[in-house]
Student: 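Below is the structure I would like to discuss, written out as structure tokens.
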Protein chains: 2
Amino acid sequence: MTTQMLIELIAVLTAVRDDVPQVMTIDHGRLLPSGPLESTHRSLQAGVRAWVERQTGHPIGHVEQLYTFADHDRLLGAEQGRMIAISYLALTRSHAGETGWRDWYDYFPWENCKTDAGRDCLTIIERLLCKWVAGMDNAAMRVRQWQRCVTLFAIGDMVAWNDELVLQRYELLYEAGLVAEAGCAPESTVPGRAMHHDHRRILATGMARLRAKIRYRPVVFELMPEEFTLLQLQRVMESLSGVHIHKQNFRRLIMQQQLVEETGGIEENTGGRPARLYRFCGEVRQARQFVGTKIPLVQP
Amino acid sequence: MTTQMLIELIAVLTAVRDDVPQVMTIDHGRLLPSGPLESTHRSLQAGVRAWVERQTGHPIGHVEQLYTFADHDRLLGAEQGRMIAISYLALTRSHAGETGWRDWYDYFPWENCKTDAGRDCLTIIERLLCKWVAGMDNAAMRVRQWQRCVTLFAIGDMVAWNDELVLQRYELLYEAGLVAEAGCAPESTVPGRAMHHDHRRILATGMARLRAKIRYRPVVFELMPEEFTLLQLQRVMESLSGVHIHKQNFRRLIMQQQLVEETGGIEENTGGRPARLYRFCGEVRQARQFVGTKIPLVQP
DNA sequence: CTGACTTATACTCAATATGAGCATAAGCGG
DNA sequence: CCGCTTATGCTCATATTGAGTATAAGTCAG
């Protein structure tokens, strides 16, 4: 009846360096840190921590579960039984000169619509999707799938770009055969680095979760240094979400939510007027544990 | 190295009957439908569907993953290996005269602050928590834990009740030794039915997820009949969230989001003026797949 | 048939939140 | 000094939200 199971733990470990969100990888950027659950692991989280630290030498902070997979793809041979993957999102602060870190947007250039490179990538995608839809037999199907392309990739500015749909966009590209993981020809592939197995898909899940979460929980501060200026905070939010923020409104919102307090320090190297330094209010966070970090996001 | 694993699938199957949210149970309300993942199951979701239908005879609709557990409690004997539980939230429509359905609030009476019974229960809890905190040695700990009680249970109306913190509240009561699952004496137990293992905790997870999700995704309609009046929709939202809604504002929000359309039909048995019947707009939902169902919730 | 009571539906109004921009401050390098 | 940068304070129109009033259209008791 019950077959033997192999449980794999996979981590999307994220940090921000020089305003660029990064993910920890192994195998030259082709795999996320991962390994089987062992009997010595006291819990799933402990197992994730153990594997990440063993493979990358990097200790991790905040950890939360993402998703558990057991797809057809993950079926091993009949003798070995089934494979189940439990994925986690982990956040951490600095990382001076460690290897294994890669930019998020090396894997998902189209998610970085703030930059010209991202917009160029979206132009390519739009063309390829158009071709994909045009090649369908069924007219109703064509309409339906084009509608999907339009909403997911905000084609033709009838729909606004939704930064949280990272996974849905990746899955559409996969279905359309435009990513290397789908086994397509290199010339019809969208820009962006591929990964082994379904690790890029898991990375997409983690990015989506983080983009969603920074909007209603003060998790950004897990990625910030102890002291920071408001512009630094804003740049981190922008790079994570891939969307511009109106500076004055951002400050207003952060201040009125009382998530940060002045340290009294001053950052001089701003390139302009010196900026006040702030720190995250851990105490207030304890008291009103469940407030959000609303951010005024603006379209590019 | 790797030990043998037993994967258990657990479902929080929810429906609404007569404006009361209900959960499907087995073993006289002491367990959620559950069973081991078998090699015949094509996927995890398929396994959940199979177990629920086998144990309850009820086919299920919308399914989404909740959480994967592998706590210490779930460690089997050294020979058998470890046990992992993957829990799912499932939604379904009607259920005429089936057995196994139990009210949510039989297990979590304090979550139903709309009713007098719920408010009475909260009074009892407040007293018991007060006693629990008072019995602590460490003064700093006393302050910290009382702060936690105040925010989670909205004691003393400095903090507003947050209906999404179902799990956090249950965990606080567990820590305080006020629920039967914590192995406490029956006389110092908070009202509410217990369950075997950690199934009540999993139910709390499902309730919290659903309460959170109805705010930003049109999932309520999975629980509604084909046609309904706006008051019926409102009552379902209220009973799920356990919070009152301002009637006129609710209508305004639902209408302006264009989530529903008139069927042309009229419901006569309202006890007052007859009401128009509506249906969920599936087509619009397809087009703008990712809009939310904002609801204007009001404190009691 | 009338009046009390129910629910349905339309509309108003004030308080707040949000998006966008202006203005001034305070550093830099020439 | 000027022109550049970023920081920070403030205004203003608009949108969203919370709360209430007003009216419509049924039921039921007498």
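Chain identifiers are assigned alphabetically (A, B, ...) following the order of the sequence lines, protein sequences preceding nucleic acid strands; residue numbering begins at 1 within each chain. Below, each value reflects all heavy atoms present in this structure, side chains not excepted, and no hydrogens, waters or symmetry copies.
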Student: Rounding to a whole Å, what distance do you find between A:Leu277:CG and D:dT6:P?
Tutor: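 In whole Å, D:dT6 P lies 17 Å from A:Leu277 CG.
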
Student: Give the table of side-chain donor-acceptor pairs shorter than 3.5 Å for residues 15-23 of chain B, with sequence neighbours excluded, one pair per line with atom names and distance.
Tutor:
unit_1: B:Arg17; atom_1: NH1; unit_2: B:His95; atom_2: O; d: 2.7
unit_1: B:Gln22; atom_1: OE1; unit_2: B:His95; atom_2: NE2; d: 2.8
unit_1: B:Gln22; atom_1: NE2; unit_2: B:Asp103; atom_2: OD1; d: 3.0

Student: Provide, to the nearest angstrom, the distance between the CZ atom belonging to B:Arg251 and the C1' atom belonging to D:dA22.
Tutor: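 One finds 15 Å between C1' of D:dA22 and CZ of B:Arg251, rounded.
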
Student: Would you mind reading off the distance between B:Gln234 atom CD and C:dT7 atom C1', rounded to a whole angstrom?
Tutor: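 Rounding to the nearest Å, CD of B:Gln234 and C1' of C:dT7 are 11 Å apart.
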
Student: Which of the following nucleotides, C:dT7, C:dG21, D:dT6, is nearest to the side chain of A:Thr270?
Tutor: D:dT6

Student: Nearest-Å distance, CD (B:Gln248) to C1' (D:dT21)?
Tutor: 9 Å

Student: With the sugar-phosphate defined as primed atoms, P, OP1 and OP2, and the base as all remaining atoms, what B/S/- string results for nucleotides 23-30 of chain D, 5' to 3', for protein heavy atoms under 4.0 Å?
Tutor: -BBS----

Student: So, under a plain 3.5 Å distance rule, would you say the side chain of B:Arg252 forms a donor-acceptor pair with the base of D:dG18?
Tutor: yes

Student: For B:Arg252, what residues pass the side-chain contact (heavy atoms from CB on, under 4.5 Å) criterion, not counting sequence neighbours?
Tutor: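 With neighbours one apart ignored, the set is B:Asn249, B:Gln256.
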
Student: Within this structure, what is the CD1-to-P distance between A:Ile254 and C:dA17, rounded to whole angstrom?
Tutor: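 So the CD1-P distance, A:Ile254 to C:dA17, works out to 15 Å.
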
Student: Expressed in angstrom and rounded to an integer, what is the separation of A:Gln257 atom CD from C:dA17 atom P?
Tutor: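 Result: 11 Å.
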
Student: With heavy atoms under 4.0 Å as the rule, sort A:Arg276 into base, sugar-phosphate or nothing.
Tutor: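 Sugar-phosphate: the residue A:Arg276, judged by heavy atoms under 4.0 Å, touches backbone atoms but no base.
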
Student: Taking 4.0 angstrom as the limit, do A:Glu111 and A:Arg169 come out as a salt bridge?
Tutor: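 Looking at A:Arg169 together with A:Glu111, the answer is yes, because their closest N to O distance falls below 4.0 Å.
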
Student: Which whole-number value in Å describes the distance from B:Asn249 CG to C:dA14 P?
Tutor: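 Rounding to the nearest Å, CG of B:Asn249 and P of C:dA14 are 16 Å apart.
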
Student: Please work out if B:Leu230 contacts a base, only the sugar-phosphate, or nothing of the nucleic acid, heavy-atom cut-off 4.0 Å.
Tutor: nothing

Student: Starting at CZ of A:Arg215 and ending at P of C:dA17, how long is that distance when rounded to a whole Å?
Tutor: 19 Å

Student: With sequence neighbours left out, what residues match B:Thr229 under side-chain contact (heavy atoms from CB on, under 4.5 Å)?
Tutor: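 Checked B:Thr229 against side-chain contact (heavy atoms from CB on, under 4.5 Å); matches are B:Leu231, B:Gln232, B:Glu267, B:Ala275, B:Leu277.
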
Student: Suppose we screen for side-chain contact (heavy atoms from CB on, under 4.5 Å). Which residues come up paired with A:Ala154, at least two apart in sequence or across chains?
Tutor: A:Trp161

Student: Just to verify, what does B:Tyr278 make a ring-ring contact (aromatic ring centres under 6.0 Å, His included) with, not counting sequence neighbours?
Tutor: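 Partners of B:Tyr278 by the ring-ring contact (aromatic ring centres under 6.0 Å, His included) criterion come out as none, since no residue qualifies.
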
Student: For residues B:Arg251 and B:Gln248, is any side-chain donor paired with an opposing acceptor at under 3.5 Å?
Tutor: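 There is no such pair between these side chains.
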
Student: Think B:Lys247 has a side-chain N or O under 4.0 angstrom from the OP1 or OP2 of C:dA8?
Tutor: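 For B:Lys247, the contact criterion (side-chain N or O under 4.0 Å from OP1 or OP2 of C:dA8) is met.
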
